[in-house]
Peer 1: 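I have a structure I would like to understand better, so I am pasting it below and will then ask my questions one at a time.
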2 protein chains.
Amino acid sequence: MDTQSSRRQATRTKLYEAAVTLIAEQGFSATTVDEIAERAGVAKGTVYYNFKSKTELFEELLRHGVGLLTESLRSAADETAARGGTRVEALDAMIRAGLVFIDRYPAFTQLYVAELWRTNRAWQSTLLVVRQEAVAVVETVLREGVAGGELSDEIDIPLTAAALVGMVLVAALDWQAFQRERSIDDVHAALSRLLHGRVSGR
Amino acid sequence: MDTQSSRRQATRTKLYEAAVTLIAEQGFSATTVDEIAERAGVAKGTVYYNFKSKTELFEELLRHGVGLLTESLRSAADETAARGGTRVEALDAMIRAGLVFIDRYPAFTQLYVAELWRTNRAWQSTLLVVRQEAVAVVETVLREGVAGGELSDEIDIPLTAAALVGMVLVAALDWQAFQRERSIDDVHAALSRLLHGRVSGR
DNA sequence: GTTTTTGAACTGACTGGTCAGTGCAAAGGA
DNA sequence: TCCTTTGCACTGACCAGTCAGTTCAAAAAC
């Protein structure tokens, strides 16, 4: 990477960081380009030198963030498999990876959830693609678990994957928003218990 | 109820219905008061005759919608208790009630999720109150289950409640957005299986 | 029973302000 | 020399909220 493109990359990163917190707090439309530029410590013109439009900046931000998440889920699953863990252990490791991600990038997560189920928005198709990549990682592990007899073959793979993702997402956002004092281990333990069906019975 | 106030109520209801779908699709800031008025078939002035501001219209909409949900969860729990069901059965009934609600008011649910974890917004405090009412219903049933020995006393009640709500919310929104063809029974069965820990094992 | 009055509900043109995006000359950096 | 960034003025569209005026059902007056 030459110095020019890395300089440019640094500017883009500053813009992502500024945009992600502002948009998470206020929403896309309520956040102005002037605000983003100011928080990034950059001139407004620079925003338009680096991105075609406010919408394009946002779409690239989405792609970038979900890319990180997908990567992190995938590597949690792979590492578990590499050291000979079961698929349920892999799911558990992915839950933890999800929590770590949300802990590190809470603003991105907020923004993602806020936009995911909207219809009729410019970036709808971007979002659909990017969501599918992340969910697919979970579905793959479920499918392998069923194939290997470790998971019941009666489970509904897409629905169960969505439910697991939702469980982690919502518990983690609640943790961040309303019970900051809890440790990541507490949250992980509670979710792990649900995954393993150790809720009912004593 | 006299004709005047029922006429007024009808206008407010039309405005709620118009606002909820538009805001679910586009978000609060991207939705204009002119659009809301137009879709409701009233003049813009009428919006301001009935509500102090765009924000107030939205806050009342939130209160109204979450009120319906809370009511519906509570009555599912109560009916189960009335016919002598267990607490786990009550949770199962509440999952179904949640799904029925989301099926009936998908737009409201979208909008609620999109706004819930935002910080620094005008209606933040309204939302906090209203969320707590709904989550409390789930927490109560969990607490009763633990007290009666039906649920493990090691579960973390607030986190488990949040995780269950998240599971239902996300699975249902995914169902609505990406797999409309599935029946409510399919979705319920998948979530019920997770609740009962019938995922791993064959 | 008919006319008049009242006032709540509603209307829609208008205002003041905001904001995305542009244009451009000059500066800084490799 | 070329790429990147700055600073800033400007435009045109858009939008929340206002307000003077209209409608009309029901109460009051006769």
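Chain A is the first sequence line, chain B the second, and so forth, proteins listed ahead of strands; every chain is numbered from 1.
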Peer 1: At less than 4.0 Å, is any side-chain N or O atom of B:Thr11 found next to OP1 or OP2 of C:dC10? Yes or no.
Peer 2: yes

Peer 1: Rounded to whole Å, please give me the gap between CD in A:Glu56 and P in C:dA20.
Peer 2: 16 Å

Peer 1: Closer to the 5' end of DNA chain C via nearest nucleotide, is it A:Val33 or A:Gly45?
Peer 2: A:Val33

Peer 1: Round to a whole Å and report the spacing from CZ of B:Phe51 to C1' of D:dA16.
Peer 2: 16 Å

Peer 1: Side-chain polar contacts of residues 100-112 of chain B - donor-acceptor pairs under 3.5 angstrom, sequence neighbours left out - could you list them?
Peer 2:
{"unit_1": "B:Asp103", "atom_1": "OD1", "unit_2": "B:Gln176", "atom_2": "NE2", "d": "3.2"}
{"unit_1": "B:Thr109", "atom_1": "OG1", "unit_2": "B:Tyr105", "atom_2": "O", "d": "3.0"}

Peer 1: Identify whether any heavy atom of B:Thr46 sits under 4.0 Å from a base atom; if not, whether one sits that close to sugar-phosphate; answer base, sugar-phosphate or nothing.
Peer 2: base

Peer 1: Heavy atoms only, 4.0 Å cut-off, all strands: where does B:Thr55 land among base, sugar-phosphate and nothing?
Peer 2: nothing

Peer 1: What is the distance, rounded to the nearest whole Å, between atom CZ of A:Phe58 and atom P of C:dA20?
Peer 2: 14 Å

Peer 1: Select base, sugar-phosphate, or nothing to describe what B:Ser29 touches, counting heavy atoms under 4.0 Å on all strands.
Peer 2: nothing

Peer 1: Let me know the distance between CD of A:Gln26 and C1' of C:dT18, rounded to the nearest Å.
Peer 2: 14 Å

Peer 1: For B:Glu38, does the CD atom sit with more than 12 other heavy atoms under 6.0 Å from it, leaving out its own atoms?
Peer 2: no

Peer 1: Taking CG from B:Leu15 and C1' from C:dC10, how many angstroms apart are they, rounded to a whole number?
Peer 2: 12 Å

Peer 1: Atom CZ of A:Arg12 to atom P of D:dT4: distance rounded to whole Å?
Peer 2: 10 Å

Peer 1: Using whole Å, report how far CG of A:Asp34 lies from P of C:dT22.
Peer 2: 14 Å

Peer 1: Counting distance only, does the side-chain N/O of A:Arg87 pair as donor-acceptor with the main-chain N or O of A:Val141 below 3.5 Å?
Peer 2: no

Peer 1: Quick one: is B:Tyr49 getting a side-chain N or O under 4.0 Å of the C:dC10 phosphate, OP1 or OP2?
Peer 2: no

Peer 1: Evaluate the side-chain hydrogen bond (donor to acceptor under 3.5 Å, both in side chains) criterion for residues B:Thr126 and B:Glu59: first the C-alpha distance (whole Å), next the side-chain angles of each, then the deciding distance (0.1 Å), finally the verdict.
Peer 2: CA-CA 7 Å; B:Thr126 301; B:Glu59 283 188 81; 2.3 Å; yes

Peer 1: Please pick, from C:dA9, D:dG17, C:dT11, the nucleotide with the shortest atom-to-atom distance to any side-chain atom of B:Lys44.
Peer 2: D:dG17

Peer 1: Would the number of heavy atoms belonging to other residues, nucleotides or ligands and lying under 6.0 Å from CD of A:Glu71 be above 12?
Peer 2: no

Peer 1: Looking at A:Asn50, I'd like to know whether one of its side-chain N or O atoms comes within less than 4.0 Å of OP1 or OP2 on D:dT5.
Peer 2: yes

Peer 1: Quick one: A:Tyr48 OH to D:dC8 C1', roughly how many Å, whole number?
Peer 2: 15 Å

Peer 1: Which part of the nucleic acid, if any, lies within reach of B:Val47 when heavy atoms closer than 4.0 Å are counted: base, sugar-phosphate only, or nothing?
Peer 2: nothing

Peer 1: Using only modelled atom types and a 3.5 angstrom limit, is any donor from either the side chain of B:Lys54 or the base of D:dG17 paired with an acceptor on the other?
Peer 2: no

